[in-house]
2 protein chains.
Amino acid sequence: MPIERNAEHTRARILEAAQEEIYENGYQGMRIETILQKTQLAKGALYYHFPNKLALGYAVVDEILLEHVKANWSEFSSKYPNPLTAIQQLFLWKADVYKNEIHFKGCPLNNLNQEMASIDKGFHERLEKIMATIHGSIFAALEQGQQQGLVRKDINPGKIAMFIMASYQGIIGAAKCMQAPQLLADLFGTLNEYIDTLRTPA
Amino acid sequence: MPIERNAEHTRARILEAAQEEIYENGYQGMRIETILQKTQLAKGALYYHFPNKLALGYAVVDEILLEHVKANWSEFSSKYPNPLTAIQQLFLWKADVYKNEIHFKGCPLNNLNQEMASIDKGFHERLEKIMATIHGSIFAALEQGQQQGLVRKDINPGKIAMFIMASYQGIIGAAKCMQAPQLLADLFGTLNEYIDTLRTPA
DNA sequence: TTTTAAACCGACCACATGGTCGGTAGGCAT
DNA sequence: ATGCCTACCGACCATGTGGTCGGTTTAAAA
C-alpha cells in the first residue's frame, strides 16, 4: 500500500507531526529527525515544503493553533446565546476533556507563548495576533452582553476580558505544573463563580 | 587584578549566570558556552562544580528560585498583618517593578514551570515543591485570616489559594506574551478586586 | 509514448554543543 | 622548602542537529 503522493496531504502531515512535537517538547525541543520518523518521510520532503525549522514553527502557529482557537470559540459562542454562559461552558468543557489525561501537557498555545514570546520576535508577533483574537472575542461577547442587559454595565469589558484570558492561561498552567488536571474542575469553578458576579443582578 | 580563587564564590557566580541564561532563553536554550563567557571561567571549572547541565539546572531551582520566593513572601507577610492585604500589596509591587521593563521576560519560576514541568521529572518535582510552598503560604494566610475574622468563612481556603496562585501566573504570563508589562497594573487591579470580595463584609 | 516539472529521496556536510581528561597553579599543613 | 589537595584550565572528542544537493520517482501534459 504505497503512501499517496499528494503535496497538500504531505504538508499537512508534517504540520501535524510538528505540532505534536512542539506540544510535547516545546519548539526548542522539537527535532526534525523525529518529525521525519513520525511521518515516514525523508528530509528532502520536509525541506521541499518548508525552507527551515523556524518557518515550520511559524506555520504551525498560523495554520494549526490559530484555526483551532477559532473553531473552538465559534462552536461555543454559537451554541450558547448568553456570552457569559458560553465562556463558562467552554471552561467546563476543557476541564472535562483534560480530566483523565495521564500526562497533562497544558494548552498548546499557552505553552508556545511562554516559551517563545520573549525569545523570538516572529513567534511573538504571530502568537500575539492569536491572543488579540481571543481577547477580541471575549471583549465583543462582554460588550454585546452589556447591550443585551445580561452583563453589568459598570465593568470595563477590555480589562475584564484580559483578566479572564489571563486567568484561563494561569489555570491551565498551574494544572500542568502540578501535573494534576483534576484541579481544573475546581479552578474553573472558582473562575466561573467570579464570572457570575459580572452578570446583571436579578 | 587576579580573580579570587574561591570555590563558593565561583559556584555562586556560575549559578547566577545560569539563572540569567535560563531566564532569557529557557533551560533548553541555555548554553554552557555562554555561561563560561559570562563568568570568564573555563569548562573545567564549571564541570568541577556541577556534574552536568541538568544538575546545574536543578541547582538553579533549588538554590536560587526557591530562596527568592521564600524571601519575597516572608517580606510582605511580615510587613502587612492582614493576609489579604499582604497578597494584594505583593501583586501591586510586582506590577510596579516590571512596569517599565523594556523586554519583559515574565516570572522566572513560571517560565521554567511551563517549559520543563511536563518534560523532565526532576524539574517537575522540584518546581512542584516550590508551588506547594507558595500554595501553602497563601492557604495558611487565608486560614489565619478566617480565624481572625478578616476573611469570609464560607470560602474554601485550599481552592481559593490555588486560584489566586494560578491567576497570578496567568497574569504574568499574559503580560509577557503581549510584551506589555503596563497591563500588569490593570490585571492585578482586577485580581485584587476579586480578593476584596473575600473579606468579611463590614 | 515522450517530456517535463513537481514531489520526494537520502547521503553528506558544517558546526554547535555537552562532556572528558590530562595537566597546572594556588594555598595550606608539615 | 616540600608535599599535596583543591580549584581551575583548555584542548579534544563524540554526537546530535539543521540544512544542502544531486539524483530519482510519479503523474500529468504534450
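The chains referred to below are lettered A, B, ... by the order of the sequence lines, with proteins before strands, and numbering in each begins at 1. Everything numeric here is computed off the predicted structure, so don't read it as measured data.
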Please report the distance, rounded to the nearest Å, between [atom1] in [X] and [atom2] in [N].
X       : N      : atom1 : atom2 : answer
B:Tyr47 : C:dG22 : OH    : P     : 17 Å
B:Leu56 : C:dT17 : CG    : P     : 16 Å
A:Leu46 : D:dT17 : CG    : C1'   : 13 Å
B:Gln37 : D:dG10 : CD    : P     : 14 Å
A:Glu8  : C:dC8  : CD    : P     : 10 Å
A:Met30 : D:dG18 : CE    : P     : 8 Å
A:Asn52 : D:dG19 : CG    : P     : 5 Å
B:Leu36 : C:dG18 : CG    : C1'   : 11 Å

Quiz prompt | 5′-ward residue of the pair B:Arg11/A:Lys53 relative to DNA chain D | solution =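 It is B:Arg11, whose closest nucleotide lies nearer the 5' terminus.
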
So, is [X] near the phosphate of [N], with a side-chain N or O under 4.0 Å from OP1 or OP2?
X       : N      : result
A:Thr10 : C:dC8  : yes
A:Arg31 : D:dG18 : yes
B:Lys43 : D:dG10 : no
B:His49 : D:dC8  : yes
A:Tyr48 : C:dC8  : no

Quiz item: Which residue, A:Thr10, A:Thr39, A:Val60, A:Ile35, forms the side chain to side chain contact (heavy atoms under 4.5 Å, CB included) with A:Leu15?
Solution: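 Only match with A:Leu15 under side chain to side chain contact (heavy atoms under 4.5 Å, CB included): A:Val60.
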
Self-check item: A:Asn52 vs A:Tyr58 side-chain heavy atoms within contact, under 4.5 Å
Solution: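 No - every pair of side-chain heavy atoms lies 4.5 Å or more apart.
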
Exercise. With heavy atoms under 4.0 Å as the rule, sort B:Leu41 into base, sugar-phosphate or nothing.
Key: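 The answer is sugar-phosphate, as B:Leu41 gets under 4.0 Å only of primed atoms, P, OP1 or OP2.
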
Quiz item: Within a radius of less than 6.0 Å around CD of A:Glu67, do more than 12 heavy atoms belonging to other residues, nucleotides or ligands occur?
Solution: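 Yes, enclosed.
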
Quiz item: Just wondering, more than 12 heavy atoms not from A:Lys105 lying within 6.0 Å of its NZ?
Solution: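 For A:Lys105, atom NZ is crowded (more than 12 foreign heavy atoms under 6.0 Å).
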
Quiz item: With a distance cut-off below 6.0 Å to the six-membered ring centre and an angular limit of 45° from the axis, does A:Lys53 pair with A:Tyr47 as a cation-pi contact?
Solution: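 Checked: cation-pi criterion not met.
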
